Amino acid sequence: MKEKGLQMQWADLSRYRGELMGFAMLAVLFFHVGGNHNETFFYCLSRCGNVGVDMFLFLSGVGLWFAWSKKPSLALFFKRRYVRIYPAWFVVACLYFVPLYIGGKMSLADTLLNVAVYWDFWTVYGELHFWYIPAVMAIYTVAPLYMRLISRSRAWCWLPVVFMVFCLLMRYDVTLYRHLRHLEIFFSRIPIFLMGVNVGQWVKEKRVETPDSWLVAAVVFLFSAWACVLFEDGLRGRFPLFLERMVYIPLSVSMMLLLCRLFSELPRLLLRSLAFVGSVSLEFYLIHVEFVMKPLRSLQLGYWLTVLLTLAVTLPLSWLLHKAIEKVEHMRNKKRYNNEGYH
């Protein structure tokens, strides 16, 4: 029994999914608030909080494989994915882009396209305000194709490596770089998502590893974290960004496995708090930067106070948006059910 307790269990990624999502959102918050200098060790760590995005995408891949393998229906798959993401995106996009149109800073066509699919992210270099949402919707659109491929043959599980090489080509091939460099942040995150889909089968099968796997995970984590801190410690701007994003892959996977082990020892209240943040992480992501953090940052309150106030203001707003959308969806489903029953 003791030996079994020491084994690494891939199913923990599902058991602690909410807590991991909450941790990832806090990491992204630390990254977005940032620091004043890159000479300090903590500043480097906060910059590495960008790895939270990779954690989100990996866990999304795991979850999608569960849903797909249970019922491989394209209609049901897209309905569930977009119903979860698009309503929150639509509300926040309207709140952000419509005032720009009213103020004469954006054309009507651009406003409509941005509200619909954040068109500027796909076409304008450096337009990254809400980049994760259109990126993840695009990934969800093609995910069923990948899941069908690996369902036929697990040889397709090597496709993430192909995308890693493509990121290198996109940086150093002149033609690719000229046309796709503004989408580097998107393409460099595809490998970690596909790896999450791959690992989804291990999680579903409740695969376990020997206790030695913890040592391997710790070594991978330490070396990856070391590399990321070195990147951030005065080297930013002197290397292609995709290099650090490639290091995020082993960093995020090893860190999530180690966090699952840590979570098994943490107080229940702390785990519930992380899970709560994870449950509203989509809404939190959409709200915290443009509507809360930027106004607070102008007050120059310092790093930690800005973090705490951003967290304190964004959490209730995220919960309210989440519940409002949930309520509307519930009423819509109830109405449809009644109509179908009537007919």
Side-chain angles (χ1 to χ4, degrees), residues 3 5-17 19-35 37-59 61-62 160-161 163-164 167-168 188-189 191-196 198-199 202-203 207-266 270-271 274 278 303 307:
E3 175 72 14
L6 291 175
Q7 290 176 328
M8 178 184 289
Q9 303 183 43
W10 288 96
D12 284 345
L13 292 173
S14 177
R15 184 177 300 116
Y16 294 112
R17 175 185 171 85
E19 292 83 351
L20 290 169
M21 297 282 276
F23 181 92
M25 189 64 253
L26 293 179
V28 171
L29 171 62
F30 294 154
F31 167 75
H32 282 155
V33 174
H37 306 286
N38 65 348
E39 293 86 5
T40 63
F41 178 69
F42 181 76
Y43 174 81
C44 297
L45 289 180
S46 69
R47 293 291 302 177
C48 294
N50 201 15
V51 75
V53 173
D54 299 78
M55 296 173 66
F56 280 133
L57 289 171
F58 183 86
L59 293 170
V62 172
V161 179
F163 274 97
M164 294 171 71
C167 289
L168 187 147
S188 60
R189 259 45 186 267
I192 188 65
F193 171 79
L194 298 181
M195 289 180 186
N198 293 349
V199 170
W202 294 354
V203 176
R207 175 169 170 167
V208 297
E209 310 292 348
T210 63
D212 291 344
S213 300
W214 292 115
L215 177 59
V216 176
V219 171
V220 172
F221 170 75
L222 289 173
F223 273 79
S224 302
W226 183 8
C228 287
V229 170
L230 286 176
F231 277 134
E232 297 295 345
D233 188 18
L235 294 179
R236 178 158 286 275
R238 296 164 55 188
F239 62 91
L241 283 176
F242 85 89
L243 286 180
E244 187 170 14
R245 303 200 204 286
M246 295 302 101
V247 180
Y248 284 165
I249 294 173
L251 176 64
S252 60
V253 177
S254 60
M255 182 165 58
M256 283 187 285
L257 291 170
L258 294 170
L259 281 172
C260 287
R261 185 68 184 89
L262 176 63
F263 288 161
S264 67
E265 306 295 334
L266 291 181
L270 180 56
L271 294 180
L274 284 173
Y303 181 85
V307 167

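Given the structure is predicted, the values throughout are model-derived calculations rather than measurements.
- Nearest heavy atom pair, residue L251 against residue A225, reads CD1-N, 3.8 Å.
- Listed by chain and residue number, M8, L258 satisfy the side chain to side chain contact (heavy atoms under 4.5 Å, CB included) test with A217 (two or more places apart in sequence, or in another chain).
- Under the rule for a side-chain hydrogen bond (donor to acceptor under 3.5 Å, both in side chains), the partners of S264 that lie at least two apart in sequence or sit in another chain are R261.
- Annotation: side chain of F163 is in contact with side chain of L194 (closest heavy-atom distance under 4.5 Å).
- Considering CG of L168 and CG of L243, their distance stands at 8.0 Å, rounded to 0.5 Å.
- Legend: residues meeting side chain to side chain contact (heavy atoms under 4.5 Å, CB included) with V216, ordered by chain and number and at least two apart, are V220.
- A search for side chain to side chain contact (heavy atoms under 4.5 Å, CB included) contacts involving V161 returns W158, not counting sequence neighbours.
- Interatomic distance, CD of E244 versus CD1 of I249, reported as 12.0 Å (0.5 Å rounding).
- Residues L262 and L259 are in side-chain contact: their nearest non-hydrogen atoms beyond the backbone lie under 4.5 Å apart.
- Considering only heavy atoms from C-beta on, S46 comes within 4.5 Å of Y303 through its side chain.
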Stepwise side-chain contact (heavy atoms from CB on, under 4.5 Å) check, V199 with V253: CA-CA 10 Å; V199 170; V253 177; over 6 Å; no
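- Take W202 and apply the side-chain hydrogen bond (donor to acceptor under 3.5 Å, both in side chains) test, not counting sequence neighbours, and it matches no residue.
- Separation of atoms CH2 (W10) and CE (M256) is listed at 9.0 Å; rounding is to 0.5 Å.
- Every side-chain hydrogen bond (donor to acceptor under 3.5 Å, both in side chains) that S188 has, sequence neighbours left out, goes to E184, R245.
- To the nearest 0.5 Å, atom CZ of residue F231 and atom CH2 of residue W226 are 13.0 Å apart.
- Not counting sequence neighbours, the partners of Y16 by the ring pair (Phe, Tyr, Trp, His ring centres under 6.0 Å) test are F263.
- With contacts defined as side-chain heavy-atom distances shorter than 4.5 Å, the pair N198/P160 qualifies.
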Could you pull out all donor-acceptor pairs under 3.5 Å where a side-chain atom in residues 20-33 meets a protein atom, sequence neighbours excluded?
from, atom 1, to, atom 2, distance (Å)
H32, ND1, H288, NE2, 2.8

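- Atoms OG and CZ, on S254 and F223 in that order, are 12.0 Å from each other to the nearest 0.5 Å.
- Residue C48 comes nearest to V229 through the heavy atom pair SG-N, 4.1 Å, listed as atom of the first residue, atom of the second, then distance.
- Scanning all heavy atoms of the two residues, the minimum distance from C228 to V247 falls at SG-CG1, 3.6 Å.
- Judged as a side chain to side chain contact (heavy atoms under 4.5 Å, CB included), and not counting sequence neighbours, the contacts of F193 are L57, S60, L64, I139, Y140, A143, V197.
- In this structure, the side chain of S14 does not engage the main chain of A11 through any donor-acceptor pair within 3.5 Å.
- Rounding to the nearest 0.5 Å gives a distance of 12.5 Å between CE of M246 and OG of S224.
- At a threshold of 4.5 Å between non-hydrogen side-chain atoms, the residues Q7 and E209 do not count as touching.
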